[in-house]
Every structure is written in C-alpha cells, then in structure tokens.
J.: 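Could you have a look at this structure, given as structure tokens, before my questions?
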Amino acid sequence: MENRPQWGSRAGFILAAAGSAIGLGNIWRFPAVAYENGGGAFFFPYLFALLTAGIPLLIMEYAIGHKNRASAPGSLGKINRRFSGIGWWQLAISFIISVYYAAVIAWAMAYAIFSLNLKWGNDTEGFLFGDYLKLADTPGQLGGLVPGVLIPLIIVWLLALLILYGGVRKGIEVANKIMLPTLLVLFLILVIRALTLDGAAEGLNAFFKPNWDMILSGKVWVAAYGQIFFSLSIGFAIMVTYSSYLSKKSDITNNAFITGFANSGFELLAGIGVFSILGFMALQQGVGVDEVVGGGVGLAFVVFPQIINQLPALNGFFGFLFFGSLVLAGMTSLISIVETFVAGAQERFNMTRTKSVLIGGGLAAIVSILFASNGGLYFLDVVDYFINNFGVALAGLIEVIAVAWIARELKNLQDHANEISDIKLGAWWKICLGIITPIVLGYMMFDNIKTNITDNYGGYETWFVSVYGWGIAAAAIILGIVFALVRRTPANIQASEAKEVSQ
Amino acid sequence: MEGSAVTMMIIGIVIIWGGLAASIVNAVVKSRQKGTKSNS
C-alpha cells in the first residue's frame, strides 16, 4: 500500500494544475504581449507554441512526476542521480518566486479593500508609489516596513500555509475547488460588464486586428514561446510535484491538454476583458487605444483604478471584483509554488508535513518581508525579471536537454504515458521536446543574455542588477548544487523510503 | 469592429475554447467507457 498522498479525484488534480497555471500573468501579461506582437495574428505563433512546446512539456513533467512519484529532486534523481541538482535548483527558484509573488497578492488584497471607497483618488500613480508603497527614492535603499503592505502580506502567508498544512487532498484540492470556480465567476461578471461598456468594440478591434507583417518576425515567435512557457508553470517543479500525487492509473496526456487549453482559455478571456475596458478608457479620454495599452503592475494598479473611477455605476463593486480576481488567481498559483519546496523538504529531511510547512513556508514568509519595505518594488522588479529569464527558462532548457538528450528518457516516458493515457503520444511529441523546444528556449536564452550584457535591465545601476538580478539567479543554481551534493544518511534514506510523503 | 478582427476573434475562440471543451468531453467519454467495461 502506497503512503504517498493522492488527489481525491481527477477533477481535483486538473483544477489544482489549472489553478497553478492561471496566475497574475494571464490577466496582466498576455493581453499586452498579444497586442504588441501582431494582435490577432499573434494567435498563430501562440497556438503553435502551445502545441509544440507548452503541452509537450506539460506531458513530460506530468510523466516524470507520475512515473517516479516524488517531488522534483527525487523524480529527476531517479532518472539520473546527478539530475537531482536540477530539481533542487528548480525548488530554489520556486522559493525565490514565492517570496515576491506573495507581496503582489498582498497589494491586490489591499486594493480590493481600497476599491470599496475608491481610496486611490484621481492620481492613481501617485497613490500607488507614494501613499501606498511609500517607494524609496533610489533602488537598493531598504527603508522601513510599510504596514499597508505588511499586514495583507501576513494574511496571504497565513492563508497559504493553512491550506498547505491541510495536505494535498484536504488542503490544496479543496482550496482549488473553491477558488478556481469563484475566480471564473468573478472574472466572467467583469468581462460581461466590460463588453457592455461604450468603446469596448474599439478595444476588441485593437486586440484582435491582425498585423500580418509581424508574423514573420522572429521576435514575435520568441514572444509567443515565452508567453506559453512562463504562463504554464513549467520549468520550476510545480507540475512534477502535482503529478506525483496522481493515482497510479490516472491519465496524463489528456490532463495536459485540458490544463494547457484551460490556461490559454483564461488568457483569451482576460484579453477580451482587458481590451474592452481599455477601449472604454480610450473613449473617455478621447485618445486611441494604443495610447492606453500597458501591462504588468502599471496596468493593474495604475490604469485599472483610473478605469474603475470612470465606470458609470457600481465602481467599488467592479473594482472589488477585479482585485478579488487577482487575489484568487495569485493564491492558487502561490500555493502550488510553495508546495514544491514544502514537499521537497519533507522528502529530503524526512520531516512531518507540519514541520515542512512551518519551516519551508515560514522561512519564505519571513524573507518576503523584504518586499514590504520602502524599497520592495525595486527588488521585486529586478528579482522577478532575472529569476524568470535566467532561472525558470534556463532550468526548463537544462531539464529538457537532460531528459531528452543526456538520459534519452523520452521513449520511457512516452511508453509510461501511453500505457495509462487516453490520447497516445507519437513521434511528434519526441520531435517537439527533442528538437523544437531546446532550439527555441536556447535561442531565447542566447537573446536574453546578449540583451542583458549590453544594457542593464530597467536602467538600474550595475551593482544593483549584479547583486539582486544576476546574483539571485546564480544563488538559485548554487543552492541546487549544494543540496544535491549534501549526502543523505542511510538512516534518513531508509526512513524516507518507508514513509514516502506522509500527510 | 473590422471584419479581420472579428474573424481572428472567432478563430481564437473556436480553437482555444473548442480545444478545452473537446479535451474535457474526451476525458468524460473515455472514463464512462472504462466504467462501463469494468462493470460488465
């Protein structure tokens, strides 16, 4: 009898995996990326990237976790003992992402409350950087703690750790079964309202109008692969960990198709909602949609409050829906990110779940206080950029090369997936992972390194980018190597194997 | 909205949401078939 915890149902796993993939980036990154890279024409490279990299990588990670039934270091270590370092590296990346991701959810939580009386006033930019974040004058200046960020940050961590303490079935699965459908309902109400606003058609026209000239640009194809890669929670241990909790006979391939299409389906919905609202804003200001388009923190916390101010009625209600959606989308992703290192620590050090949640999650919560300081936004901006581009993407590239070319494990994973899945994998899957994905990710990496060696990201000073950008990305690699090299005692291995991961 | 934008919107919706619906339907049908086989 296997002791490893399992999802209560197939739907529970799919909701958790989709909840992990659907995050803040779906709402504030995809619409802007699509618009800047050809509008409607972007759908072709985007769909091509989904089918040739996104879903094949999801299937690979599901198969690795399901076959080896351990978190990322354990699962990759069973393919080749040396690969456990890649797994530890991915866990270190997850740890780093969790500490700043929680801070953004905390901002959204605060803004959900602010929206009830439109506390941001008319100067939404001044409110965000001055009144709310109390941003330091220069990057690298830590300053003091900002209570308005710290309090919701503590709430976010308490919620996340409470859910994780509940375990896979009673914690993560139940939370996703509540939060993901709620997110969908809240967001649908928001999109329906957005579609009925004046100017929505102009916004949608700007979003979907194809610019065919751009489809031949390599930059557009790299952007499409980047969007798919960063939004599917692949390359940083989440899907390996989640699939290790599937029952032995559970499907893999069809689950990957559902997760991939659910993530893209939500991105499309977000694009429709965001551009309908931007069309309304452009009409109110008497400018073109191109003048109000943006993405990231600026779109969510500066532009959206402006739009909420201009809504004809129920401003506070729709503001609450928008920021509530951000909180839900963020929480389902945060839980999955933290679960990777909670499960990894539990297996590696043979801890109880309570201990690993308290130590692993508690440590992440303490480190994330850095992002509740006056200088938090600067740290967040640089760490996010470097850990994504030189952490997630690089670890994903190394993982696929290691599995496909060094261990030549694709055939075994294909056989494993085909044995239990409804959709059978053919040669296309191996071509996608063995050739297309490494080439595209390798090119992305080369391009990123070239760009960042030439210019400092965001115009920051060299010391700041070196320490908090390159330094943090390098620290994740070093941590991975250190954890992989630290030998486990025979007693520890024996106890861990006997116990697997207890609830 | 211009015709080309409407066309691209429809293509996007049909492929992405249609792909999601088809994957879910496939999962439900196959699991029902497996349930029927194991009962018989």
Side-chain angles (χ1 to χ4, degrees), chain A residues 9-11 13-14 18 30 34 38-44 46-48 50-51 54-55 195 199-212 215 249-272 275-276 279 289 420-423, chain B:
Chain A
S9 63
R10 181 177 182 180
F13 164 73
I14 291 170
F30 172 77
F42 181 73
F43 280 103
F44 288 101
Y46 175 80
L47 286 169
F48 192 80
L50 174 69
L51 296 172
I55 290 174
L195 284 168
E202 273 311 301
L204 290 177
N205 193 55
F207 181 54
F208 284 108
K209 191 180 169 187
N211 180 354
W212 296 113
I215 204 166
K249 288 188 177 174
S250 178
D251 178 281
I252 287 177
T253 314
N254 203 1
N255 285 352
F257 273 91
I258 296 174
T259 311
F261 278 118
N263 178 62
S264 294
F266 192 86
E267 286 191 327
L268 181 60
L269 187 68
I272 291 171
F275 269 84
S276 299
V289 178
I420 49 177
S421 299
D422 299 332
I423 301 169
Chain B
M1 278 178 81
E2 292 173 31
S4 60
V6 173
T7 309
M8 291 316 297
M9 185 170 79
I10 292 168
I11 290 173
I13 287 172
V14 168
I15 296 179
I16 294 175
W17 291 349
L20 175 62
S23 315
I24 294 171
V25 168
N26 186 50
V28 173
V29 169
K30 296 281 181 183
S31 66
R32 277 190 188 157
Q33 282 173 354
K34 281 176 193 167
T36 315
K37 271 182 193 172
S38 61
N39 286 337
S40 59

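So you know, we letter chains A, B, ... as the sequences are listed, proteins then strands, and number each from 1.
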J.: With only heavy atoms counted, which part of A:Ile423 is less than 4.5 Å from chain B, the side chain, the backbone, both or neither?
T.: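 Interface part for A:Ile423: side chain.
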J.: Checking side-chain contact (heavy atoms from CB on, under 4.5 Å) for the pair A:Phe13/A:Asn255: CA distance, chi angles, key distance, verdict?
T.: CA-CA 9 Å; A:Phe13 164 73; A:Asn255 285 352; 3.7 Å; yes
J.: Which class fits the ring pair A:Phe275 and A:Phe207: parallel under 30°, tilted 30 to 60°, perpendicular over 60°?
T.: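 It falls in the parallel class, under 30°.
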J.: Under 4.5 Å heavy-atom distance to chain B, tell me which part of A:Phe257 shows up: side chain, backbone, both or neither.
T.: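 Contact with chain B involves both backbone and side-chain atoms of A:Phe257.
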J.: Once rounded to the nearest 0.5 Å, what's the spacing between atom CG of A:Asn254 and atom NZ of B:Lys30?
T.: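 One gets 9.0 Å once the value is rounded to the nearest 0.5 Å.
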J.: Between A:Ser264, A:Gly39, A:Gly260, A:Pro210, which shows the greatest number of heavy-atom pairs under 4.5 Å with chain B?
T.: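 Greatest number of close heavy-atom pairs with chain B: A:Pro210.
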J.: Nearest heavy-atom pair of A:Glu202 and A:Val289: which atoms, and what distance?
T.: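 Looks like O-CG2, 4.0 Å.
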J.: Between A:Ile272 and chain B, with a heavy-atom cut-off of 4.5 Å, which part of the residue counts as in contact: side chain, backbone, both or neither?
T.: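 Answer is side chain: those atoms of A:Ile272 sit under 4.5 Å from chain B.
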J.: So which part of A:Leu47 gets closer than 4.5 Å to some heavy atom of chain B, the side chain, the backbone, both or neither?
T.: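 Only the side chain of A:Leu47 comes within 4.5 Å of chain B.
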J.: Yes or no on side-chain contact (heavy atoms from CB on, under 4.5 Å) for B:Ile24 and A:Phe261, after CA distance, side-chain angles and deciding distance?
T.: CA-CA 10 Å; B:Ile24 294 171; A:Phe261 278 118; over 6 Å; no
J.: Between chain B and each of A:Ala201, A:Ala41, A:Gly271, A:Gly265, count heavy-atom pairs under 4.5 Å; write down the option with the most.
T.: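 So the answer, after comparing A:Ala201, A:Ala41, A:Gly271, A:Gly265, is A:Gly265.
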